[in-house]
Amino acid sequence: HQVLRIKTRNEEEIKQLQLLESLEHLKLDFWINPSAPALPVDVRIPALSVQSVKAFLESQGIEYSILIEDLQDVLDKEKQDMAESAQRQRSSSFDFGAYHSLDEINQELDHLASEFSFVEKIQIGESYEKRPLYVLKFSTGGSKRPAIWLDAGIHSREWVTQASALWIANKIASDYGTDASITSLLDKMDLFLLPVANPDGFVYTHTSNRMWRKTRSKIPGSVCVGVDPNRNWDAGFGGPGASNRPCSDSYHGPSANSEVEVKSVVDFIKNHGNFKAFLTLHSYSQLLMYPYGYKCTRPDDYAELESLGRAAASSIRSLYGTTFQVGTICKTIYQASGGSIDWSYDNGIKYSFAFELRDTGRYGFLLPANQIIPAAKETWLGLKKIMEHVLNKST
Amino acid sequence: GAMELPPSHFPAARAAAVAVGYLRYLRGGPGRRLELRELRRARRQDIDDVGHKYYLELELEDVLDNDRTVSCTAEVLYHLGSKTSAPDVQVTVQGELRSTEEADKEFYNRIRSLEKELVAENIPDSHGNIPPELEPIHLLAWVASGYVIWQNSTENTKLHLAQVKHVKQVKRSDEDLQFDYVVLLHEMVSQEVLPWEVSVLWHPQRGARVRRCHGPGAAR
């Protein structure tokens, strides 16, 4: 269907249009009826009648223009617009201050990727139970720009971390272009965010055991299930601070990278080859730690990492007064081998930090949902501090 | 002599957790919530043929008294080589804690007047929620857990109450209230979360007494 706008010049032409109006077989739909010469006449014409109406107008010397070339197109687009807007409405009402299921989280990842052109959802592998490992890639261009890695939820019961990762993803995406720090960061570097590093464990905390920590892999020769994914990295693997008993919550697994959740990240980072920072979120205890965990000696970059850690902890504290202790893993908590930031550091990624978020034991893993956003906000300030430093040093 | 320890690091924090657990057992109740705000200072003394003794200066909060600060000193002695005996703990509270007489009486009367014995589970729930009427039960669980934590800690463990899995009131013919808890304790070094059964008596004047406790492979 087409919609024509007809410009009449005199009463004579008005009479002609009124004649046209009376021809019912044409099925004309006047949106503005012919009344006075000064006013335009808009009419919707069914496809079949378009040729004859135009022929008539031309033969009478009546001026017209095409207002809408194809009405169906317009209607289709409007329907699509409305659907997208409804989806945006639904999803922009994603409650970052609540705990969500894996499906809900994945839906929100899709929403972020569709809403922001520089956000892409990629799959870097599959969990033991074949769930996709989804990473959000934040990139405004370039080719394999220096990159920052951020993951959450490697220990599935640490629910504030997956929840905070979602808030942080939305924050970064929304504030690109308006926040100077985020904008200058993403103009030069890429960010890769894995919000649910252990999806099998996460689902298990929803369906069966809220206190589950490990992966859900079957261990040959044992009735017990799962490996501690943060004892499974190839950094002092099998050393002190990890258990060789399959039933233990800190079981290191049969070999380094035996867990597909760990191997997928290792392969991704190695293949990329240009990561400058590796940041990982845990809970609880309010700590900001850097290598090493597998040995109690200081890393070569101790001075810089300690100083940066303190600056980040200071930023965190500036918001609500929440204090994070800073130090190496070994000195701050305990010797623990096979950890992710030890691996990343020993593989050339200098800025490797592990955060332990709120609280210090009052609620522990069961942090009330009303603390998610405050935790995310303060943590984000710490992360930002580190990222700004990395940007300075890497570009 | 005693060696100064960084109060923010875990070795000192582990000893502090024992002291706080002990204090909660002694002074906590359904109307009193004591939180560790800060470990101010920690020293460790290695005593030949005896064990390791920690000297602590702690700042606590009496949360239900408007977060009022309470200063304490504590000594925690871990016996040499002993996995079977609880650490010796002494705690001195500076000043008086606010009286909880009214809240205690109210709680006592409320429970005594229940027709059916109270039963509850998952406190807090998965999302960290605690129904307000169960808060005193939760606080009492912290008291009972304080005992378990004190009795079962070593220099290399740090125990926290992760969740009350289950609680059942047991009506008694005497004047005590009895609650049988199954609590999940999180041990931060091994990362295990393990269930403990604790049966505790409570009375407004007599306070809390653990009558029985049983854990996985527990020696005590």
Side-chain angles (χ1 to χ4, degrees), chain A residues 97-100 155 157-160 163 205-207 209-214 228 230-231 240-243 245 247-251 282 284-289 313 323-336 356 358-372, chain B residues 5-14 16-17 20-21 24 33-39 59-61 63 67 121-131 138-139 142 145-146 149 155-165 183-195 216-217:
Chain A
Y99 291 112
H100 292 280
H155 290 139
R157 61 191 179 199
E158 298 167 8
W159 278 19
V160 69
T205 60
H206 281 269
T207 59
N209 181 354
R210 175 64 178 81
M211 296 293 170
W212 190 259
R213 164 182 169 91
K214 302 189 288 183
D228 184 341
N230 207 31
R231 300 287 185 277
S243 173
R245 291 180 300 110
C247 299
S248 166
D249 253 334
S250 56
Y251 174 51
H282 290 258
Y284 55 96
S285 284
Q286 292 171 205
L287 307 170
L288 214 178
M289 298 178 292
T323 51
F324 274 54
Q325 305 301 334
V326 179
T328 65
I329 295 174
C330 186
K331 281 273 134 65
T332 310
I333 41 174
Y334 40 65
Q335 195 172 5
E356 292 272 359
R358 295 189 184 191
D359 58 13
T360 52
R362 169 66 186 167
Y363 288 96
F365 300 121
L366 307 179
L367 195 71
N370 63 15
Q371 288 198 47
I372 294 173
Chain B
L5 298 175
S8 56
H9 291 178
F10 262 33
R14 288 194 279 267
V20 175
R24 282 185 178 128
R33 192 180 128 191
L34 295 169
E35 295 293 336
L36 176 65
R37 179 182 286 157
E38 196 189 334
L39 177 61
E59 204 176 277
L60 303 182
E61 294 177 350
V63 177
D67 288 322
E121 33 182 48
N122 294 331
I123 310 167
D125 68 16
S126 283
H127 295 220
N129 299 317
I130 304 171
H138 186 222
L139 294 179
W142 274 97
S145 301
I149 290 169
E155 215 168 345
N156 297 310
T157 62
K158 190 165 184 276
L159 287 162
H160 284 271
L161 172 61
Q163 190 182 37
V164 177
K165 205 65 197 139
V183 293
L184 295 180
L185 297 187
H186 173 221
E187 200 295 286
M188 298 207 72
V189 179
S190 65
Q191 290 297 337
E192 303 296 335
V193 173
L194 295 170

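Here is the naming used below: chain letters follow the sequence lines, and residue numbers restart at 1 for every chain.
For the atom pair B/S126 OG and A/F365 CZ, the distance stands at 13.0 Å (nearest 0.5 Å). The line from CG of A/L287 to CZ of B/F10 is 5.5 Å long, rounded to the nearest 0.5 Å. Atom CG of A/L366 is separated from atom CD1 of B/I123 by 11.5 Å, given to the nearest 0.5 angstrom. If you take CD1 on A/I333 and NZ on B/K158, they are separated by 10.0 Å, rounding to the nearest 0.5 Å.
When heavy atoms are compared at a cutoff of 4.5 Å, B/L161 approaches chain A solely by way of its backbone atoms N, CA, C and O. For chain B, the nearby parts of A/R362 are the backbone and the side chain; heavy atoms of each come within less than 4.5 Å. Using a 4.5 Å cut-off between heavy atoms, A/T360 touches chain B through its backbone atoms (N, CA, C, O) alone. Of the two parts of B/D125, only the backbone, made up of N, CA, C and O, holds a non-hydrogen atom closer than 4.5 Å to a non-hydrogen atom of chain A.
Side-chain contact between B/H9 and A/Y334 is absent, with no heavy-atom pair separated by less than 4.5 Å. Proximity of B/P6 to A/Q325: side-chain heavy atoms (C-beta onward) are nowhere separated by under 4.5 Å.
Under the 3.5 Å distance criterion, with hydrogens and angles disregarded, a donor-acceptor pair is assigned to the side chains of A/Y284 and B/H186. With no hydrogens or angles considered, no side-chain donor-acceptor pair links B/Q191 and A/R231 at under 3.5 Å.
Across A/S250 and B/S190, no two heavy atoms sit closer than the pair OG-O, 3.4 Å. Across all their heavy atoms, A/D249 and B/E192 have their closest contact at N-OE2, 2.7 Å. Taking each heavy atom of A/P368 and B/G128 in turn, the nearest pair found is CG-O, 3.7 Å.
Highest contact tally toward chain B, considering only A/S248, A/A336, A/S243, A/A369, is held by A/S248 [criterion: heavy-atom pairs under 4.5 Å].
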